[in-house]
Structure formats: structure tokens, C-alpha cells
Amino acid sequence: MCRDTLYADLNGQPPPQFFIPYAQQTQIRRLTYQIRTAVSPETIVPAVRRVVHTADPELPLVNVRTQRQQIVPTFRMSGSS
């Protein structure tokens, strides 16, 4: 159970959302993780890369960015920075 969440458009109405546990997925296109940290987010990226590589050396870690880096361009595109 989860609340409706805005993803691609921060100004629209949130579409209904649901999540399926990873183990029950039949097709996985991508996974997104959010990590909360008390230090500068950029400082933990090397450690996150090591952990992911240890779990699965073939698993790529791509498009690593902070929440701010993800959201700010959305406001700029809508003209509300």
C-alpha cells in the first residue's frame, strides 16, 4: 500500500501507484533506490558502487544523482524555479 506519488510531472495529478515485491516480479526493466544520508550524497557514491558490484559485478549503476539534481530540472522545464 502506498500513497499516489508524482514522478514525471510535479504539477499534475498523481496517478494511482502500487508496488510489487522484487521477488514477485516477472519482468524487471529497472530498479530505483533512494538512500538517505547525513553526509554529502556525492561522498557515498563510491561505497554504493562497491556494494552493488559485490552483490552482482554485472549489475550497472547508472544515472546516480541526488534528489535535488533530479527535481530542479523539472521545475525549470515548467518555468517555476
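Keep in mind that the numbers below use all heavy atoms, side chains included, and drop hydrogens, waters and symmetry copies.
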Subject >> Heavy-atom check, side chain of E42 versus side chain of T66, under 4.5 Å >> reply: yes
**OP:** Give a yes or no on whether V52 and Y33 share a hydrophobic cluster (residues Ile, Leu, Val, Met, Phe, Trp, Tyr; joining criterion: side-chain heavy atoms under 4.5 Å apart).
**Re:** no
**OP:** Determine the minimum heavy-atom distance between V64 and R49, stating which atoms define it.
**Re:** CG2-NH2, 3.9 Å
Subject >> same_hphob_cluster(I44, L59) at 4.5 Å side-chain heavy-atom cutoff >> reply: yes
Subject >> Heavy atoms of other groups near Q67 CD, more than 12 under 6.0 Å >> reply: no
